[in-house]
Protein chains: 2
Amino acid sequence: MAGKPAWATPTSVDPENACPIGPVVDIVFSRWTTPILWSLNEHGRQRFVELERRIATITPKVLTQRLRQLERDGLVVRTYYPEVPPRVEYEISELGRSLAPLFAHLAEWAAGNLGQVEQARRDYDTQPGR
Amino acid sequence: MAGKPAWATPTSVDPENACPIGPVVDIVFSRWTTPILWSLNEHGRQRFVELERRIATITPKVLTQRLRQLERDGLVVRTYYPEVPPRVEYEISELGRSLAPLFAHLAEWAAGNLGQVEQARRDYDTQPGR
DNA sequence: CGGTATCCCCTACGATACTG
DNA sequence: CAGTATCGTAGGGGATACCG
């Protein structure tokens, strides 16, 4: 990154640079990833059907997609047992588990502030003239 | 397994959303919200064009949509000055600012672990037979 | 069991105007 | 300046069926 002088303050930057947490949000908070990671962290090693049943509204196609993505990102470990019938188990990786405090932080914020968000919505929606 | 993980909330878990942080993720980490909140938190009060220029790749339509949503959720305060030409300023609310430690936590995780994610991706992609 | 393969729909988003 | 209005599209899921 030695091309740009430090004094060259850009008037605009691409979203990645505009927000340092952009990339990590894409990785951790893309759709379905939080229920999956949460389930694996809370209930430990699970088979495909267990996850499918626990998340309930997810389709097998999407569950596969998200699990592959999480595996590729190193957040989930997939283990295949060549038995009959075949068995596959998913577990959260060490890297994935390192997200636990972050998730706890998020849950804590939710517990303390979600009510305010809901109240704000009610207030906003009852404003006359919208 | 070692009992209850740190991120498990005692509040009843919705069987639909097998994940207590589902709602808060929708509020805080839906598309474009993090760059907007980050910008408002980092650079203070800003007018519409300032945000537009800073985020650069966002269109005015979408910026409006997201700002309205954030306003409705009580994370952003919109102030309209009926001047000629009109002036509108956006600032992060107290509730929105309460997300700052969370964002910092996220940035910290990213700084420490994003490299591992990228390495995991490289490893995964260089596996033969995919 | 643990997935693919297809088809299809919906809507979030982008592009391009235009206005008070 | 601070937005709307309108149109068009891509692709992320859902539903269903099928395979090793």
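What you are looking at is a predicted structure, and each value in this text was computed from that prediction instead of being measured. Proteins get letters first, then strands, A, B, ... in listed order; numbering begins at 1 in each.
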inquiry  = If the cut-off is 4.0 Å, is A:Arg47 near the phosphate of C:dC1, judged by side-chain N/O to OP1 or OP2?
reply    = no
ask   = Reckon A:Arg31 has a side-chain N or O less than 4.0 Å from the OP1 or OP2 of C:dA12?
value = no
task = Considering only heavy atoms of chain A and a distance under 4.0 Å, specify the first and last nucleotide of DNA chain D in 5' to 3' order that meet this criterion.
result = D:dG13 to D:dG20
query = In degrees rounded to 10°, what angle is found between the helical axes fit to the five outermost pairs at each end of the helix from C:dC1-D:dG20 to C:dG20-D:dC1?
reply = 50°
task = Apply the side-chain contact (heavy atoms from CB on, under 4.5 Å) test between A:Glu91 and each candidate in A:Arg78, A:Arg45, A:Gln46; give the one that qualifies.
result = A:Arg45
Starting at atom [atom1] of [X], determine the distance to atom [atom2] of [N], rounded to an integer number of angstrom.
| X | N | atom1 | atom2 | answer |
| --- | --- | --- | --- | --- |
| B:Trp32 | C:dT11 | CH2 | P | 21 Å |
| A:Arg87 | C:dG3 | CZ | C1' | 16 Å |
| A:Glu89 | C:dG3 | CD | C1' | 16 Å |
| A:Glu83 | C:dC1 | CD | C1' | 11 Å |
| B:Phe48 | C:dT19 | CZ | P | 18 Å |

inquiry  = Mind checking if A:Tyr90 touches a base, just sugar-phosphate, or nothing, with heavy atoms under 4.0 Å?
reply    = sugar-phosphate
task = Let me see the working for A:Arg68 and A:Gln65 under side chain to side chain donor-acceptor pair (under 3.5 Å), right down to the final yes or no.
result = CA-CA 5 Å; A:Arg68 290 283 186 279; A:Gln65 286 175 349; over 6 Å; no
Strand contacts (DNA chain C) in residues 60-69 of chain A, 4.0 angstrom heavy-atom criterion = A:Lys61, A:Thr64, A:Arg68
ask   = For B:His105, what residues pass the ring pair (Phe, Tyr, Trp, His ring centres under 6.0 Å) criterion, not counting sequence neighbours?
value = A:His105
message = Run the ring pair (Phe, Tyr, Trp, His ring centres under 6.0 Å) test against A:Tyr90 and tell me which residues pass, sequence neighbours left out.
response = none
request  = Tell me, please, which residues at least two apart from B:Glu83 pass side-chain contact (heavy atoms from CB on, under 4.5 Å).
outcome  = B:Tyr81, B:Arg87
task = Please determine if A:Asp123 and B:Arg72 form a salt bridge, counting it only when a charged side-chain N lies under 4.0 Å from a carboxylate O.
result = no
